[in-house]
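Below, read A as the first sequence line, B as the second, and so on, with proteins coming before strands; counting in each chain starts at 1.
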4 protein chains.
Amino acid sequence: MRTVNPDQHEKKRRELLGAALRRFAAEGVQASIASICAEAGVSPGHLYHYFPSKEAILEGIFQLVLDEATAHLSGDVQDARDLPALVADLYGGKGPSLLFDLLAESQRNAAIADRLRRHSAEMKQLLASAIARGQAAGLVDDTLPAAALATMLLAVLDGSKAIRLRDPAVDGGHAREMLLALVSRVLNFTRPAFPSV
Amino acid sequence: MRTVNPDQHEKKRRELLGAALRRFAAEGVQASIASICAEAGVSPGHLYHYFPSKEAILEGIFQLVLDEATAHLSGDVQDARDLPALVADLYGGKGPSLLFDLLAESQRNAAIADRLRRHSAEMKQLLASAIARGQAAGLVDDTLPAAALATMLLAVLDGSKAIRLRDPAVDGGHAREMLLALVSRVLNFTRPAFPSV
Amino acid sequence: MRTVNPDQHEKKRRELLGAALRRFAAEGVQASIASICAEAGVSPGHLYHYFPSKEAILEGIFQLVLDEATAHLSGDVQDARDLPALVADLYGGKGPSLLFDLLAESQRNAAIADRLRRHSAEMKQLLASAIARGQAAGLVDDTLPAAALATMLLAVLDGSKAIRLRDPAVDGGHAREMLLALVSRVLNFTRPAFPSV
Amino acid sequence: MRTVNPDQHEKKRRELLGAALRRFAAEGVQASIASICAEAGVSPGHLYHYFPSKEAILEGIFQLVLDEATAHLSGDVQDARDLPALVADLYGGKGPSLLFDLLAESQRNAAIADRLRRHSAEMKQLLASAIARGQAAGLVDDTLPAAALATMLLAVLDGSKAIRLRDPAVDGGHAREMLLALVSRVLNFTRPAFPSV
DNA sequence: CATGAATGAGCTTTCATTCAT
DNA sequence: CATGAATGAAAGCTCATTCAT
């Protein structure tokens with residue numbers, strides 16, 4: 001008669017999302033429900049107690065990915081001097097990223113496009129206010145509005161992820177340094193920068 | 001029973017690739033063979049005279065996309081002053097792009113990863129030599145090696161494509177200007193740049 | 001741990017059958033256990049305390065439907081003059097009926113076929129004795145045995161339910177009158193009957 | 001290059017419908033696609049070259065059933081004296097009939113309901129004109145409009161099919177005679193009729 | 001060269017049923 | 001008594017691919 005703890009339901013949901021994340025990262029968005037279930041050690045029927053459809057799982061995954069990115073940034077951007085390092089840290093792990101699957105999907109799926117845009121707006125806001133503080137302190141170029149610089153930072157972040165796939169030399173070691181150099185150029189810091197590739 | 005003109009064969013292959021490109025752009029890599037055949041006005045059996053498998057079609061498509069990008073750049077980069085405009089022109093049309101599908105796929109498909117890297121190396125080479133000429137002429141920052149700047153340009157290009165999906169305001173109008181501002185900053189041109197967003 | 005009042009058990013069973021009846025009427029015999037549980041506000045596990053299987057529920061439903069029909073007739077058929085009106089009253093409500101599902105199912109399910117036949121025999125008996133009384137009183141045609149007329153009445157009843165599905169004009173308004181006309185003709189009443197359709 | 005004979009396509013479609021008819025008759029509308037394919041000796045994928053969905057197959061089947069009924073009647077109803085025999089011949093074979101599945105389904109599926117009604121209207125028309133001729137010849141009761149009598153005949157036909165399921169004695173032997181007796185009473189023939197059951 | 005009939009494995013999803021709590 | 005988590009088989013349907021014509 002007692003309803004089971006809804007926390008447990010949520011916990012299981014997270015577990016399943018974790019399994020799905022691993023399979024999607026490994027196989028792309030084509031990863032089958034069966035594969036996800038095997039990863040999670042769960043029967044196919046059971047998965048549907050937690051998600052109404054495969055699409056819902058995918059949306060959940062993308063939400064997860066985006067939440068993670070936001071969490072990283074929203075920590076504490078007290079000082080504009082931390083910006084380069086902070087931004088560089090957004091730069092994820094070694095394995096395949098779902099970022100490009102997300103971008104690709106958002107071109108064809110309006111719900112996902114919308115979620116991506118809301119997330120990006122939030123990120124931009126966070127970056128822009130840190131930048132504005134930096135501009136006030138004379139640490140950041142103020143010939144451009146903070147919002148414009150924030151947008152450019154977002155672009156540079158995605159581009160840096162892409163370059164790792166394009167250029168194994170960058171991926172090997174200089175990735176972080178290249179990103180820092182790019183950030184500096186966007187924010188108009190005049191550091192010595194980036195060693196030869 | 002003479003063999004048909006190989007030119008005609010190649011021409012038909014291109015046509016089929018064009019149809020496939022349209023379907024892949026519209027539906028993503030999940031686009032079915034049947035869908036491509038319908039687009040091309042051809043029977044499924046016939047398609048297999050030109051491509052041994054769906055994967056081969058996908059590779060052909062990605063090759064096409066990459067070739068197009070190269071063709072754009074290799075036109076004539078006589079003067080380094082043309083670089084910003086040229087680079088900005090790489091910036092494709094309005095519809096969905098296959099770039100992110102390509103990047104996503106390259107994370108899981110070694111053959112495609114390889115092709116992407118070879119293409120990127122070629123692009124980098126082209127950009128680097130134009131940059132080097134620009135540096136010699138004193139038009140481009142020479143505190144960094146041309147190769148490093150070329151890599152950064154490639155990153156910025158991909159990032160600019162991504163930002164259009166992230167930020168509809170940018171996609172609406174300022175896309176090109178933002179890319180130019182980014183290019184300027186990478187090459188250390190000191191233009192007035194990018195209007196407020 | 002006393003056993004719960006068996007009356008209460010029976011009461012709950014009826015409630016569940018009621019919910020099932022509504023779902024089966026609305027969705028046909030394909031209605032899912034989950035759907036029935038939702039209608040009854042009960043968990044699937046709980047349903048199985050009352051019925052060992054879906055088939056048992058279906059049989060219970062059909063029993064219900066048949067019991068209802070019998071109850072109608074067995075009230076009091078004192079006078080044969082009441083027969084037409086009584087028979088016409090068997091004519092159910094507006095919503096979808098389970099009669100045809102029952103007939104269809106009885107062609108493939110021996111248990112249900114058997115139950116249908118036993119019920120029909122009972123109905124026939126009830127009708128036949130009323131008819132016999134009518135014949136004795138000179139109110140009903142006695143050139144045919146009462147049993148034969150009873151069988152014909154049963155046929156006419158089912159046929160009248162079918163005609164409502166076949167002909168929306170009849171369903172709209174003349175349904176009852178048409179049934180009365182048919183009953184009269186079977187019993188050889190010579191009324192003016194049925195208005196033009 | 002030559003397109004395959006479309007007749008062959010239609011022929012195959014008929015074959016598949018035949019197989020489906022057998023399975024639906026034997027198992028009811030729950031018969032699975034796999035079962036139908038096994039019956040037809042065809043792979044599941046192939047079935048979908050001929051029908052877009054299971055529902056389409058079901059509609060095709062019902063169409064078949066209805067067409068057959070119409071064909072029977074529309075043969076030649078020259079003389080109203082043939083009506084009883086003709087009508088009685090509509091009375092199909094021994095195996096399970098899809099009539100009740102059709103009636104049940106029509107309560108929940110608008111497309112099928114519509115088809116059933118159009119078919120019934122057509123049947124009614126055919127019967128009514130034969131009846132009208134009978135009335136003109138003084139062979140049929142003319143105190144009721146021909147259309148009303150036709151509707152009653154349709155009801156009586158369905159009811160007679162139902163009674164075979166309700167009463168095995170009728171199904172055993174007297175089915176045809178009972179139907180004839182009912183038809184006579186509807187048309188007001190005054191024959192000796194129906195022997196005791 | 002060109003068709004489209006045909007396959008069969010695999011897909012996502014549904015569902016009756018069981019069982020620990 | 002009552003829940004809902006969990007199962008696993010089977011459902012309808014899709015799809016890359018093959019092949020006789």
Side-chain angles (χ1 to χ4, degrees), chain A residues 1-6 8-9 12-13 30-37 40-57, chain B residues 1-5 8-9 12 30-37 41-58, chain C residues 1-5 8-9 12 30-37 41-58, chain D residues 1-6 8-9 12-13 30-37 40-57:
Chain A
M1 203 154 168
R2 218 171 342 123
T3 301
V4 172
N5 193 343
Q8 215 160 357
H9 187 274
K12 189 81 191 184
R13 212 187 101 103
Q30 299 92 340
S32 74
I33 292 283
S35 161
I36 294 169
C37 287
V42 140
S43 69
H46 192 39
L47 192 76
Y48 283 82
H49 277 283
Y50 295 92
F51 301 94
S53 68
K54 191 184 174 182
E55 174 140 348
I57 300 175
Chain B
M1 196 109 129
R2 244 179 318 130
T3 305
V4 171
N5 189 340
Q8 215 162 1
H9 187 274
K12 189 82 187 178
Q30 299 92 337
S32 73
I33 293 282
S35 163
I36 294 168
C37 288
V42 141
S43 70
H46 195 42
L47 192 79
Y48 279 81
H49 278 282
Y50 295 90
F51 301 94
S53 70
K54 190 185 175 182
E55 174 138 348
I57 301 175
L58 202 62
Chain C
M1 196 108 130
R2 242 181 318 130
T3 304
V4 171
N5 189 340
Q8 215 161 1
H9 187 274
K12 188 82 189 180
Q30 299 91 338
S32 74
I33 292 282
S35 162
I36 294 168
C37 288
V42 140
S43 69
H46 194 42
L47 191 79
Y48 279 81
H49 279 281
Y50 295 90
F51 302 95
S53 70
K54 190 185 174 182
E55 174 139 348
I57 300 175
L58 202 61
Chain D
M1 203 155 168
R2 218 170 342 122
T3 303
V4 171
N5 192 343
Q8 215 160 356
H9 187 274
K12 189 83 190 183
R13 211 187 101 103
Q30 298 92 341
S32 73
I33 293 284
S35 162
I36 294 168
C37 288
V42 140
S43 69
H46 192 40
L47 192 76
Y48 284 83
H49 278 284
Y50 295 91
F51 301 94
S53 68
K54 189 185 174 182
E55 174 140 348
I57 300 175

Donor-acceptor pair, B/K54 side chain versus B/S32 backbone, under 3.5 Å? no
Rounded distance in Å - CD (A/Q8) to C1' (F/dG4): 11 Å
Whole angstrom value for the distance that separates P of E/dA16 from CG of C/L58: 11 Å
So what does C/Y50 touch, heavy atoms closer than 4.0 Å: a base, only the sugar-phosphate, or nothing? sugar-phosphate
With a 3.5 angstrom cut-off on both distances, give the Watson-Crick or G-U wobble partner of E/dT21, or none if there isn't one. F/dA2
Enumerate the protein-to-nucleotides 7-10 of chain E contacts in which both atoms are nitrogen or oxygen and the separation is below 3.5 Å.
from, atom 1, to, atom 2, distance (Å)
E/dT7, OP2, D/S43, N, 3.1
E/dT7, OP2, D/S43, OG, 3.4

Whole-Å distance, D/I33 CD1 to F/dC13 P, equals 6 Å
For residues 43-53 of chain B, please give each side-chain donor-acceptor pair under 3.5 Å, one per line with the distance, not counting sequence neighbours.
from, atom 1, to, atom 2, distance (Å)
B/S43, OG, B/H46, N, 3.3
B/S53, OG, B/E55, N, 3.4
B/S53, OG, B/A56, N, 3.2

Rounded interatomic separation in angstrom, taking CD from C/E55 and P from E/dA16: 13 Å
Between atom CZ in D/F51 and atom P in F/dT14, what is the gap in whole Å? 15 Å
If you check the B/H9 side chain, which of E/dT13, E/dC1, F/dC13 turns out closest? E/dC1
Round to the nearest Å and state the distance from B/Y48 atom OH to E/dG4 atom P. 17 Å
So which one's nearest nucleotide on DNA chain E is more toward 5', C/Q30 or A/A34? A/A34
Is there a Watson-Crick or G-U wobble partner for E/dT14 with both distances under 3.5 Å, and which nucleotide is it? F/dA9
